[in-house]
There are 2 protein chains.
Amino acid sequence: MARSASALRGQILESALRLFAVHGFRGTSLQDIASDAGCSKASLLYHFAGKEAILTELLTPARDAVATLLGRVAGLEGGRLVEETVTGYVDLALRYRREIQLLFEHIAEMSCHEDLGVMELADGLLDALAGRSRQAPARVAAWMVLGAVFITSASDEEVAPDEVLRAEMIRSALRTLDHTLS
Amino acid sequence: MARSASALRGQILESALRLFAVHGFRGTSLQDIASDAGCSKASLLYHFAGKEAILTELLTPARDAVATLLGRVAGLEGGRLVEETVTGYVDLALRYRREIQLLFEHIAEMSCHEDLGVMELADGLLDALAGRSRQAPARVAAWMVLGAVFITSASDEEVAPDEVLRAEMIRSALRTLDHTLS
DNA sequence: GTCAGTTCTGACCGATCGGACAGCTACGGT
DNA sequence: ACCGTAGCTGTCCGATCGGTCAGAACTGAC
């Protein structure tokens, strides 16, 4: 039976996001997604141009959110820049846990593949976390915060409730960057 | 021509390690490895029981090194415990860059798959980094250091020479853990 | 030279992958 | 009642995957 509008579309995206996050992009077949979403594989390819299109649609909101964050901190500098970037990044990482997990995995899998500026966004985030500094210590610490927040928010083990996790991640990240909340 | 002893074996392992690190385990086919190593796919399966066996043999040294590190810091506590664990982990991460990269990716891909205590080793590392503490702040910071060192050492971008990278990673990690070198 | 044993390979296999396509069903406009 | 269109599916396809196997090619001992 034909469901109303794109009810199935949302279900497909949800199933794909969950399965991609658990088994990875390559480790999840279109049949897996179809079975989970309760439809046929052919239905997937009616709603989406292909497997890559599903991935793109899943990653777009998170990517746009990061781009928005970068735009918001573009005019800042010094302490405010670092604080806003860290809190913004932690918030995004927690809100888009699985999407960011996917994004990093996707970078590892398809390194040479162009992804509409994913690497540029990571570079921008790195720059802001480093407080626009080009010095090695700041750059290394920024890299570490980038990975730390990612891994911690993506880990499914419940080390702490989200509010506690958020607060501690922000505090730890600022310590890593040798910066204390003003 | 039949090469002496296991000359080809080493070449296969080297090719597999490099390709796995770039394209991932699932993203690398046996044919890819064979072509890179300059032999036939059937040769791979003469030297190794299967694709999984290659991965296992690649990961074993790094896994054993982590186990050795955990044994070395097992008797320590307090400041010494954290310092030794951090420096040891950073050293291992830099020495086994690609292997640890693989290990994390492997965890993400085959989460439910038993891997001879990989999760136990990660837990042990986490425990030591947290200074055996069970408090949320210490646990979160330990998670962040775990991910930070991994991402930073696995990133192929040369943010800094290895010696500088090592020193800065250790200093930043200790800051993250709210701990300064005594 | 002969022969046993190791190393290596081409050809092949079943399974699974992403995707294409014709056609079925339900529904809203006329 | 008719029909166009959107939603959906069964079926098929070529490509590629990991893995098997019989046998060629080479090596060292005798």
Side-chain angles (χ1 to χ4, degrees), chain A residues 1-59 102 105-106 108-115, chain B residues 1-59 102 105-106 108-115:
Chain A
M1 53 180 134
R3 305 176 212 196
S4 67
S6 55
L8 182 55
R9 249 188 87 97
Q11 180 62 44
I12 290 173
L13 285 174
E14 189 179 310
S15 295
L17 178 57
R18 179 158 35 85
L19 293 176
F20 283 166
V22 173
H23 305 107
F25 178 72
R26 284 215 167 80
T28 305
S29 70
L30 292 181
Q31 188 57 63
D32 292 335
I33 304 173
S35 299
D36 191 274
C39 66
S40 73
K41 190 179 63 166
S43 275
L44 297 190
L45 297 160
Y46 168 77
H47 285 289
F48 299 93
K51 200 182 180 187
E52 288 278 349
I54 300 180
L55 180 67
T56 300
E57 192 147 326
L58 283 176
L59 292 182
L102 258 189
E105 180 208 332
H106 194 235
E109 278 185 345
M110 314 187 164
S111 53
C112 56
H113 194 249
E114 33 63 58
D115 263 312
Chain B
M1 53 184 129
R3 305 175 213 199
S4 67
S6 54
L8 183 55
R9 250 187 86 96
Q11 180 60 45
I12 290 173
L13 285 174
E14 189 178 311
S15 295
L17 178 57
R18 180 158 35 84
L19 293 176
F20 283 167
V22 173
H23 305 108
F25 178 71
R26 284 214 169 84
T28 304
S29 70
L30 292 181
Q31 187 57 62
D32 292 335
I33 304 173
S35 300
D36 190 274
C39 67
S40 73
K41 189 179 63 168
S43 278
L44 296 189
L45 298 159
Y46 168 76
H47 286 289
F48 300 93
K51 199 182 180 187
E52 288 278 348
I54 301 179
L55 181 67
T56 300
E57 192 147 325
L58 282 177
L59 292 183
L102 256 188
E105 181 207 332
H106 194 234
E109 277 187 346
M110 314 188 164
S111 53
C112 57
H113 194 249
E114 34 61 61
D115 265 314

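Because the structure is a prediction, the values reported are computed rather than measured. In what follows, every chain begins at residue 1, and chains take the letters A, B, ... in the order their sequences are listed.
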For this session: Could I get the full list of salt bridge (charged side-chain N to carboxylate O under 4.0 Å, His left out) partners for B:Asp32, not counting sequence neighbours?
Result: none
Exercise. What's the CD1-C1' distance between B:Ile33 and D:dC17, to the nearest Å?
Worked result: 12 Å
Exercise. In whole Å, what is the span from the CZ atom of A:Arg9 to the C1' atom of D:dA6?
Worked result: 14 Å
Seminar exercise, completed: To the nearest angstrom, the CG-P distance between B:Leu44 and C:dG10 comes to 12 Å
For this session: Round to a whole Å and report the spacing from CG of A:Asp32 to C1' of C:dG18.
Result: 13 Å
Exercise. What heavy-atom pair brings A:Ala49 and A:Ala53 nearest, and what distance separates the two atoms?
Worked result: N-CB, 3.9 Å
Exercise. Taking only residues at least two apart or on different chains, which pairs with a member in residues 40-51 of chain B satisfy salt bridge (charged side-chain N to carboxylate O under 4.0 Å, His left out)?
Worked result: none
Problem set entry | A:Leu55 and A:Glu52, any side-chain heavy atoms less than 4.5 Å apart | yes
Problem set entry | Phosphate OP1/OP2 of C:dT9: any B:Ser43 side-chain N/O under 4.0 Å | yes
For this session: Round to the nearest Å and state the distance from B:His23 atom NE2 to D:dC17 atom P.
Result: 12 Å
Seminar exercise, completed: So the salt bridge (charged side-chain N to carboxylate O under 4.0 Å, His left out) pairs with at least one residue in residues 13-24 of chain A (sequence neighbours excluded) are A:Arg18-A:Asp36
Exercise. Do the side-chain N or O atoms of A:His47 get closer than 4.0 angstrom to the phosphate oxygens (OP1, OP2) of D:dA6?
Worked result: no
Exercise. Between A:Tyr46 and D:dC8, does any side-chain N or O lie under 4.0 Å from OP1 or OP2?
Worked result: no
Between the protein and nucleotides 18-20 of chain D, list every N/O to N/O distance that falls short of 3.5 Å.
| residue | atom | partner | partner atom | Å |
| --- | --- | --- | --- | --- |
| D:dG18 | OP1 | B:Lys51 | NZ | 2.6 |
| D:dG18 | OP2 | B:Leu30 | N | 2.9 |
| D:dG18 | N7 | B:Lys41 | NZ | 3.2 |
| D:dG19 | OP2 | B:Lys51 | N | 2.8 |
| D:dG19 | O6 | B:Lys41 | NZ | 2.7 |

For this session: Over all heavy atoms of both residues, which pair between A:Leu44 and A:Ala34 is shortest? Give the atoms and the distance, please.
Result: CD1-N, 4.0 Å
